[in-house]
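Note on naming: letters A, B, ... go to the chains in the order of the sequence lines (proteins, then strands), and numbering restarts at 1 for each one. Both backbone and side-chain heavy atoms feed into the values below; hydrogens, waters and symmetry mates do not.
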Amino acid sequence: MSMRTLTVRIKRYVPERDRSPRWEEFKVEADPHDRVLDVIQKVKWDQDETIGLRRSCAHGVCGSDAMRINGVNRLACKVLIKSLPSDVLTLEPILGLPVIKDLIVDMKPFFDHYKSVLPYLINDDPPPTTERLQSPEERARFDDTTRCILCACCTAACPPFWGDNKYVGPAAIVNAHRFIFDSRDRGAAERLDILNDTEGVWRCRTVFNCTNACPREIKVTQAIQEVKQALLTGEVDTHSVVNIHQET
Amino acid sequence: MAVTARSRRVKPAGGFELAAWYFMRISGLFLVFLALGHLCIMHLIHNVESINYNFVSDRWTNPQTGYIWRLWDLTMVNLAILHGFNGLRQILEEWINRAKSRVVLRTGIWIFAGALLLLGNYAILMFVKDADYLKNRRDASSDAVTVRADVDRGASSRHPAAVPAFDVLK
Amino acid sequence: MSVYRRGLVSRLVEGLRYGGGAGQWSWLLHRITGLGILLYLVVHIWDTFLVIFSPASYDAIMGFYGGKIHGVEYPLLRWAFRLGELGLFASVVFHAVNGLRVILFDLSPIRAVGAQKELFWAVVALFFFIMIPVTFIVIHALVAEPTPVAAAIVFPRNFVQAFVH
Ligand code: SF4
Ligand code: SF4
Ligand code: FES
């Protein structure tokens, strides 16, 4: 495939210079096999070194380069140029979090929500002499939600979160789900109590933006609905294998 | 410790938001039938243009079916107001998130909803037919034959009185 | 250093620009129809309250909804109310059918949630399945008595009929 000439529109916000964000345009030659991240780096290296973005692994693992690409939240390192329908590429910071500079947002509110659901194993039972055993089925029960990389694509795609950044958000619920449905964990009641708050799971309106945005293809809305059901019935099923990978 | 239990009981959930969420589902299910049924009866089988005081008073005071219609309307009005204003509260709280503003918002919403609940319930429960008014109205309309005839023709020819099968729906 | 926080309006507009697809559209429509129905409900409770408070005003209001002021019919007004009536009907039908879709997600976190796109199209299909006959019935009742179209838009029906006869 031949090179494509892309028009890259970036929503810039440089705090020393701008009072509010504004669009800037760049022209770049891009290989179809390049990723959006490569294109941004090219612009930054060759045309304007002041462009701010966050990145690290460049392989969809660290979750640091979530941004709004052509209108939807994606990891810049996971979108190939050949998948773009047109030669215009728009890049914006993700919504709902304060913009620090250009494509960099302040992730503190996001991580505060994450921490609020106690995302670690809670078990005060006397430690067994060997490991805390778990059957393959029990492990499979929450496998889907173990894969979250905390990129915030989901939370920043969630309409209720745009309006109300006190809403704990899909990412935090996903990470609560990971422990609530873990048979070794004993903190389910405490976490469910936190999620039962006004700013907890009930803010979710099943819009599915989160599920569509997740770069790890986690079934985010499904996890949220399972938490709602646990709250409604007061019962946590830590065993039944829930289909996880059969329908993709 | 053994980890064989299939499921664990957690503290039974409760709380206002859960109750509100649950109420929205249950009332929604009821309203699908009550509100859509009401719309079908009033707007399709009858016609808004043939609905007037005479129609409503007959409907609510009919010795056989009046109680059913009042019960229907009563359930519908109460569920719809609570469902609607709770929905409004949920939408607004998404955009108004300072704690103090929310208190003001909730207070306002529930006062307004309460007032409407009073109006609706009062009208349905306390209604008595105003026979004098109906009689006067008939007299008045026979005086002004030309205008009334034209107007009534509009309503009646579109919905001739002879739809006997649906008479019970009054 | 200062960060940029979006204001309320800006967040609303930016949100609408998000490419959320079927889920976001049905969420938005559910809200808009919900708010519309609520507005109508408030008006409707007030006007129905008149049956107990003042039968004459009630009849006047009902006449007004039928496009009549003091017994004289204004076709433009009448059409506006009938189209509004159709809008109300459509809102209630969509809100009801989509509400059932939302309830399905709650009942079945796995199967229904997994089929959310299909369920969206089912909602659209059911909506039109109901609304097409409804539209026909309402419009039919409206045009069953033909009025000369061009003139009818401006003049009361009595006035038009005086000339047509
Ligand atoms: S499904 Fe719930 S959490 Fe996910 S985007 Fe929609 S409202 Fe937000
Ligand atoms: S659930 Fe998916 S989109 Fe959300 S933070 Fe985790 S990896 Fe990112
Ligand atoms: S740079 Fe690490 S996920 Fe994209």
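Look at Lys228(A) and Glu226(A) and you find no salt bridge, because none of the NZ, NE, NH1 or NH2 atoms lies under 4.0 Å from a carboxylate O. Looking at Asp48(A) and Arg12(A), a side-chain N of the basic residue comes within less than 4.0 Å of a carboxylate O on the acidic one, giving a salt bridge. The pair Glu137(A)-Arg141(A) fails the salt-bridge criterion, with no side-chain N (NZ, NE, NH1 or NH2) lying under 4.0 Å from an Asp/Glu carboxylate O. Here Lys11(A) does not pair with Asp102(A) in a salt bridge; the nearest charged N to carboxylate O distance is not below 4.0 Å.
The greatest number of non-hydrogen atom pairs below 4.5 Å with chain C, out of Thr221(A), Ile224(A), Asn73(A), Val105(A), is found for Asn73(A).
Under the rule for a salt bridge (Lys or Arg N to Asp or Glu O under 4.0 Å), Arg19(A) has no partner lying at least two apart in sequence or in another chain.
In this structure, Phe142(A) has its ring center no closer than 6.0 Å to that of Phe179(A).
Leu8(C) does not touch chain A: none of its heavy atoms, backbone or side chain, sits under 4.5 Å away. Contacts between Asp18(A) and chain C at a heavy-atom distance below 4.5 Å are absent for every atom of the residue. Neither the backbone nor the side chain of Asp106(A) comes within less than 4.5 Å of any heavy atom in chain C.
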Show me the donor-acceptor pairs, under 3.5 Å and distance only, between side chains in residues 116-134 of chain C and residues at least two apart or in other chains.
none

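The aromatic rings of His95(C) and His30(C) sit parallel, their planes meeting at an angle under 30°, below the 60° perpendicular limit.
Residues of residues 11-28 of chain C lying within less than 4.5 angstrom of chain A, judged on heavy atoms, are Arg11(C), Glu14(C), Gly15(C), Arg17(C), Tyr18(C), Gly19(C), Gly20(C), Gly23(C), Gln24(C), Trp27(C) in numerical order. Within residues 39-53 of chain C, no residue has a heavy atom under 4.5 Å from a heavy atom of chain A.
Partner Glu92(A) forms a salt bridge (Lys or Arg N to Asp or Glu O under 4.0 Å) with one of Arg68(A), Arg9(A), Arg74(A) and no other, that one being Arg68(A).
Here Leu83(C) contributes atom CG and Leu88(C) contributes atom CG; the two are 12.5 Å apart, rounded to the nearest 0.5 Å.
Val113(C) is not listed as a side-chain neighbour of Ser108(C), based on a closest heavy-atom distance of 4.5 Å or more.
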